[in-house]
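The block underneath contains the structure these notes are about, expressed in structure tokens.
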2 protein chains.
Amino acid sequence: MTDDAELSDLLTLRLGYLVKNAYLDLAALMARALEPYGVHPKELGVLSVIAADGAERSQNELASAVGMDRTTMVAVIDDLEGRGLVERHRSARDRRRNVVTLTEAGAVCLRDAERARTEAEEAYLAPLDAEAAQALSETLRILHRAHGAARSAPAHWPAPAG
Amino acid sequence: MTDDAELSDLLTLRLGYLVKNAYLDLAALMARALEPYGVHPKELGVLSVIAADGAERSQNELASAVGMDRTTMVAVIDDLEGRGLVERHRSARDRRRNVVTLTEAGAVCLRDAERARTEAEEAYLAPLDAEAAQALSETLRILHRAHGAARSAPAHWPAPAG
DNA sequence: TATTGTTATACTCTATAACTATA
DNA sequence: TATAGTTATAGAGTATAACAATA
């Protein structure tokens with residue numbers, strides 16, 4: 001005589017369901033939080049990587065940094081450029097490379113959207129006490145280093161210095 | 001002079017990337033672990049829900065329980081039935097409903113695949129100490145209850161008894 | 001030869017709309 | 001009218017293959 005509530009509970013015992021739901025819940029929350037600024041979470045990651053760096057980054061490098069294919073990056077940059085948030089120009093040193101830079105509007109958008117992202121993360125973690133929230137991030141970083149290293153560090157990129 | 005390693009680190013500070021990567025890493029690990037048994041993680045969830053319950057569950061109820069659309073469930077049951085793991089039959093009480101039951105082969109597959117799932121979860125959590133692994137599951141359950149309640153408890157299902 | 005950006009294409013996953021049979 | 005199963009269709013999201021320009 002298992003009722004429906006217990007049937008749902010069955011799946012919350014599975015790590016896979018918990019992690020998948022965490023991803024879907026947070027992704028939906030983030031997409032809603034960024035909507036007023038006209039950017040998708042994926043685009044915000046790209047803008048952040050561009051801004052994080054004084055060096056000129058090509059589309060290919062941006063794609064590797066955020067973990068998407070370079071063919072997918074083309075459309076992302078197309079959109080961002082069409083909305084005036086980034087600019088493309090050919091690298092002088094290597095004319096195959098498209099160097100992507102932030103416009104002023106892009107910098108403003110990034111700043112505002114980043115604040116919205118931070119607030120959304122805080123809202124997502126609000127049900128937890130500070131200790132548990134801190135532990136969650138640290139735990140996920142450990143798991144990322146252990147399991148996701150291959151995907152996050154493309155073979156054609158230079159190795160870390162230290 | 002930010003180098004590539006620091007560029008990658010930038011994203012590991014974002015909860016969204018950490019959670020997404022956790023999902024992708026675990027999903028890939030799980031899919032590989034279940035491959036020898038010929039089931040996808042999604043199908044294992046369906047088999048588990050069927051087996052968890054003495055009551056007869058319709059396709060619609062199974063779909064709600066695992067969080068997928070009932071139109072998606074049709075193809076899932078088609079596959080499972082085609083491989084002889086489940087059987088469909090019309091409910092006597094309500095001839096609109098397709099009651100789905102496990103075959104013997106389905107029960108065997110479920111048992112073996114469940115063991116593989118458990119092992120895969122343990123492998124995924126191996127980089128953590130027991131305390132952190134326990135805390136992760138508990139934290140994800142809290143977040144699930146807080147944010148995912150609406151999706152996990154379909155409106156047309158009876159409310160929990162207590 | 002190899003790499004970058006680009007395009008076209010295909011594939012996966014899932015949801016929506018509409019139909020049927022039942023209630 | 002409303003619901004369960006089904007089908008056809010469409011929409012994201014992403015990856016693969018091939019091509020031109022450049023190294």
Side-chain angles (χ1 to χ4, degrees), chain A residues 16-17 20-21 23-24 27-28 30-32 35 39-46 50 56-82 86-101 151 154-158, chain B residues 16-17 20-21 23-24 27-28 30-31 35 39-46 50 55-82 86-101 151 154-158:
Chain A
Y17 276 82
K20 181 176 184 179
N21 283 332
Y23 163 59
L24 292 176
M30 199 59 71
R32 248 180 292 133
E35 208 169 32
V39 287
H40 296 281
K42 176 175 51 174
E43 297 172 329
L44 180 57
V46 174
I50 297 172
E56 300 189 325
R57 291 297 175 185
S58 69
Q59 292 183 196
N60 204 4
E61 286 167 343
L62 294 176
S64 293
V66 301
M68 69 173 66
D69 196 85
R70 74 185 205 275
T71 65
T72 306
M73 182 59 69
V74 173
V76 173
I77 301 297
D78 280 349
D79 279 355
L80 293 174
E81 189 183 39
V86 304
E87 286 173 353
R88 269 190 259 234
H89 62 270
R90 289 285 163 182
S91 165
R93 296 180 324 170
D94 183 344
R95 295 183 46 73
R96 292 173 302 183
R97 292 158 48 93
N98 260 354
V99 172
V100 184
T101 57
R151 194 179 57 242
H156 65 281
W157 277 38
Chain B
Y17 276 82
K20 181 176 182 178
N21 283 332
Y23 163 59
L24 293 176
M30 200 59 71
E35 208 169 32
V39 288
H40 295 281
K42 176 176 49 173
E43 297 172 328
L44 180 57
V46 174
I50 297 172
E56 300 191 326
R57 291 298 177 182
S58 68
Q59 293 182 195
N60 204 3
E61 286 167 344
L62 294 176
S64 293
V66 302
M68 68 172 67
D69 196 85
R70 76 186 203 274
T71 65
T72 307
M73 182 60 69
V74 174
V76 172
I77 301 296
D78 280 348
D79 279 357
L80 293 174
E81 189 182 41
V86 304
E87 286 173 353
R88 269 190 259 235
H89 61 269
R90 290 283 164 183
S91 166
R93 295 181 323 168
D94 183 344
R95 295 185 44 73
R96 292 173 303 182
R97 293 158 47 95
N98 260 354
V99 171
V100 184
T101 56
R151 194 178 57 243
H156 66 280
W157 276 37

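Note that these values count all heavy atoms, side chains included, but never hydrogens, waters or copies made by symmetry. Naming convention: chains lettered A, B, ... in sequence-line order (proteins, then strands); numbering from 1 in each chain.
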note: B:L62, atom CG; D:dA4, atom P; distance rounded to Å ~ 12 Å
In whole angstroms, the gap separating C1' of D:dG5 from NE2 of B:H89 amounts to 15 Å
In whole angstroms, the gap separating P of C:dT6 from CG of A:D79 amounts to 13 Å
| Without hydrogens or angle criteria, can the side chains of B:S58 and B:N60 be said to hold a donor-acceptor pair below 3.5 Å? | no
Per-helix bend value, the helix from C:dT1-D:dA23 to C:dA23-D:dT1, C1' rotation axes over five pairs per end, 10° rounding, shows 10°
Taken to the nearest whole Å, CG/B:N60 to C1'/C:dA21 is 15 Å
For B:D94, the salt bridge (Lys or Arg N to Asp or Glu O under 4.0 Å) test, sequence neighbours excluded, returns B:R96
Check: Can you tell me if CZ on A:R90 sees more than 12 non-hydrogen neighbours from other groups inside 6.0 Å?
Finding: yes
B:E61 atom CD is separated from D:dA4 atom C1', nearest whole Å, by 10 Å
By side chain to side chain donor-acceptor pair (under 3.5 Å), A:R70 pairs with (sequence neighbours left out) none
Whole-Å distance, A:D78 CG to C:dT4 C1', equals 15 Å
Each nucleotide of nucleotides 13-23 of chain D classed B (base within 4.0 Å of a protein heavy atom), S (only sugar-phosphate) or -, in 5' to 3' order, makes -SBBBB--BBS
Whole-Å distance, A:E43 CD to D:dA12 P, equals 13 Å
ring-ring contact (aromatic ring centres under 6.0 Å, His included) filter on B:Y23, not counting sequence neighbours, yields A:Y23
(Q) Using OP1 and OP2 only, check whether a side-chain N or O of B:N98 sits under 4.0 Å from D:dG5. (A) no
The reported gap from NZ in B:K20 to NZ in A:K20 (rounded to nearest 0.5 angstrom) is 14.0 Å
Between A:E61 and A:E56, the two heavy atoms sitting closest are OE1-O, 3.8 Å
Between the CD atom in A:E43 and the CG atom in A:L80, the distance rounded to the nearest 0.5 Å is 4.5 Å
Whole-Å distance, A:M73 CE to C:dT6 C1', equals 14 Å
Residues at least two apart in sequence or cross-chain that pass salt bridge (Lys or Arg N to Asp or Glu O under 4.0 Å) with A:D78, listed by chain then number, are A:R88
